[in-house]
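Since the structure comes first, as structure tokens, the remarks are kept for the end.
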Amino acid sequence: MENRDVKLIEETLSLKRQKNAVILAHNYQLGEVQDIADFVGDSLELSQNAAKSEADVIVFCGVHFMAETASILCPDKVILLPDINAGCPMADMVTTERLRGKKEEFPSAAVVCYVNSSAEVKSESDVCCTSANAVKVIESLNTQEILFVPDQYLGHYVSTKTDKKMVLWPDFCPTHMRIKPEHIIQLRQEYPQAKVVVHPECRPEVIALADKVLSTGGMCRYARRNDVREMVVGTEIGMIHRLRKENPGKKFIPASEQAICPRMKLISLEKVLWSLEEMAPEVKVPEEIRLKAKAAVDKMMKIGRG
Ligand code: 13P
Ligand code: SF4
């Protein structure tokens, strides 16, 4: 490790203690950011961790909707997002205006929103889900018709696991779109012993070629199994850092080196330190929206992991 990093890390950890802060990082964060975090996880695990945290300040190393979810769950804590431009482009694709229009078209449908959505969109939804519990959330609903926003691929994957009638919003994750069936076919030839694990945000043609479809947290648990020695990883490449660190001696092969989420990579060690020094940028969901969004998030939290 470079001297510069050692100094940065020392200053960050000391300031973190002074401010009674906790650092939460998503599995797609840069390795150096994951390594200074108190907890690294998938969207659901990070929300669960934020909800039970006793810290006064949460430094959220992830994207904007994740920091908003922490603000929804912990209104009394200061939620810092070290780079305010770290937004999820898929979450930004659905607006409340367009959602209201769609709800009028399908008045008897329950609205299920993927957690990758703004707090405002959550406030217009009946229940929230993550990639770790989408099927269980949808199966828990009494309604037969579901309006699912914004990820058409996660929605499509869920529709193959349930009898519900699913109306799918047309948006998608531009990072997971980069993983193509030909990548999987090629890697299966190169690594015939490898298990192929993909995220449900991948295209259906990629999902059809996988051994397992899992959230990023699910991938971490699956990788620990004794029968998994080699794994083709069909998600954002930040995932590889944690998998290799936790499983020395096993082989992890990214399905595509192009599967990079540029917004996730906006968070750096320097920005984590600056955010603690300046106590900014802060993410705070306005109370009126928070209360409505919380109803949708709470229902999901009660259901837990799928
Ligand atoms: P996970 O909840 O599986 O970590 O996914 C979050 C995400 O943004 C995937 O692109
Ligand atoms: Fe959003 Fe895709 Fe990035 Fe996840 S990987 S944060 S869904 S753009």
Side-chain angles (χ1 to χ4, degrees), residues 24-30 33-34 37 39-50 60-70 81 83-94 113-118 121-122 128-137 148-155 157-158 169-179 197-203 206-207 210 212-223 233-243 254-267 283 297 300-301 303-306:
L24 304 185
H26 186 262
N27 289 318
Y28 296 162
Q29 288 291 292
L30 293 171
V33 174
Q34 293 190 31
F39 180 78
V40 183
D42 68 17
S43 309
L44 180 65
E45 292 161 345
L46 291 170
S47 304
Q48 289 167 332
N49 210 286
F60 216 112
C61 302
V63 284
H64 194 266
F65 76 81
M66 296 177 179
E68 272 194 336
T69 308
L81 179 64
D83 188 320
I84 203 65
N85 296 312
C88 164
M90 174 164 68
D92 295 342
M93 286 180 200
V94 44
C113 76
Y114 189 23
V115 73
N116 297 41
S117 55
S118 68
V121 164
K122 289 183 177 76
C128 221
C129 73
T130 75
S131 60
N133 59 15
V135 176
K136 201 169 169 189
V137 166
F148 189 83
V149 296
D151 184 4
Q152 62 162 305
Y153 293 141
L154 174 62
Y157 172 67
V158 175
W169 197 264
D171 292 324
F172 55 85
C173 163
T175 298
H176 284 83
M177 271 290 272
R178 294 196 173 149
I179 302 171
V197 181
V198 305
H199 196 274
E201 285 177 18
C202 288
R203 307 154 184 259
V206 168
I207 288 181
K212 281 272 170 202
V213 183
L214 294 168
S215 72
T216 62
M219 289 181 188
C220 293
R221 279 183 289 282
Y222 185 74
V233 183
T235 194
E236 209 273 349
I237 57 162
M239 191 70 232
I240 300 286
H241 172 81
R242 178 166 169 200
L243 290 171
S256 164
E257 299 278 358
Q258 305 298 315
I260 301 170
C261 176
R263 305 291 181 86
M264 281 276 180
K265 305 307 191 233
L266 286 176
I267 313 287
V283 172
V297 175
M300 169 187 86
M301 299 289 278
I303 288 169
R305 184 165 290 284

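Counting starts at 1 for both ligands and their atoms, in listed order.
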Problem - Heavy-atom pair with the smallest gap, counting every atom of Ser43 and Met66 - result: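 Ser43 and Met66 have their closest heavy atoms at OG-CE, 3.7 Å.
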
Which atom names give the shortest non-hydrogen contact between Met239 and Val233, and what distance separates them?
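Result for this residue pair: CG-CG1, 4.0 Å.
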
At a 4.0 Å threshold, what atoms of ligand 2 neighbour a non-hydrogen atom of [X]?
X      : answer
Glu201 : 2 (Fe), 7 (S)
Met90  : 7 (S)
Cys173 : 2 (Fe), 5 (S), 7 (S), 8 (S)

Looking at Phe65, is its backbone amide N or carbonyl O close enough to the side chain of Thr69 to form a donor-acceptor pair, meaning the two atoms are under 3.5 Å apart?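 Judged by distance alone, yes, a pair lies under 3.5 Å.
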
For [X], which part has a heavy atom under 4.0 Å from ligand 1: side chain, backbone, both, or neither?
X      : answer
Asn116 : side chain
Glu236 : neither
Thr130 : neither

Worksheet item: Side chains of Met90 and Asp151: closer than 4.5 Å at any heavy-atom pair?
Response: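 A side-chain contact exists here, since the closest heavy-atom pair is under 4.5 Å.
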
I need the atoms of ligand 1 closer than 4.0 Å to a non-hydrogen atom of [X], numbered in the order shown.
X      : result
His176 : 10 (O)
Tyr28  : 7 (C), 9 (C), 10 (O)
Ser215 : 3 (O)

message: Distance alone, cut at 3.5 Å: any donor-acceptor contact between the side chains of Tyr28 and Thr235?
response: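 There is such a pair (donor and acceptor under 3.5 Å, judged by atom type) between the side chains of Tyr28 and Thr235.
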
For [atom], grab the closest protein heavy atom and report residue, atom and distance to one decimal in Å.
atom                    : result
atom 1 (Fe) of ligand 2 : Cys88 SG, 2.3 Å
atom 9 (C) of ligand 1  : Glu201 OE2, 3.0 Å
atom 6 (C) of ligand 1  : Ser43 OG, 3.3 Å
atom 8 (S) of ligand 2  : Pro89 CD, 3.4 Å
atom 5 (O) of ligand 1  : His199 NE2, 3.3 Å

Would you mind checking if Arg263 and Glu236 are paired as a salt bridge, meaning a charged N to carboxylate O distance below 4.0 Å?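 The answer is no: the pair does not qualify as a salt bridge.
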
Notebook entry, point to check: Do Asp42 and Arg305 sit within salt-bridge range, that is, some charged N less than 4.0 Å from a carboxylate O?
Noted result: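 Looking at Arg305 together with Asp42, the answer is yes, because their closest N to O distance falls below 4.0 Å.
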
Sub-4.0 Å heavy-atom contact, Met264 with ligand 1:
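Checking ligand 1 against Met264, which is what was asked, there is no heavy-atom contact under 4.0 Å.
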
If the cut-off is 2.8 Å, does any N/O/S atom of Cys261 fall short of it from atom 3 (Fe) of ligand 2?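 Of the N, O and S atoms in Cys261, at least one lies under 2.8 Å from atom 3 (Fe) of ligand 2, which means yes.
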
Start with the C-alpha distance between Tyr114 and Glu201, add both sets of side-chain angles, then the distance that settles side chain to side chain donor-acceptor pair (under 3.5 Å), and finish with yes or no.
CA-CA 11 Å; Tyr114 189 23; Glu201 285 177 18; 2.5 Å; yes

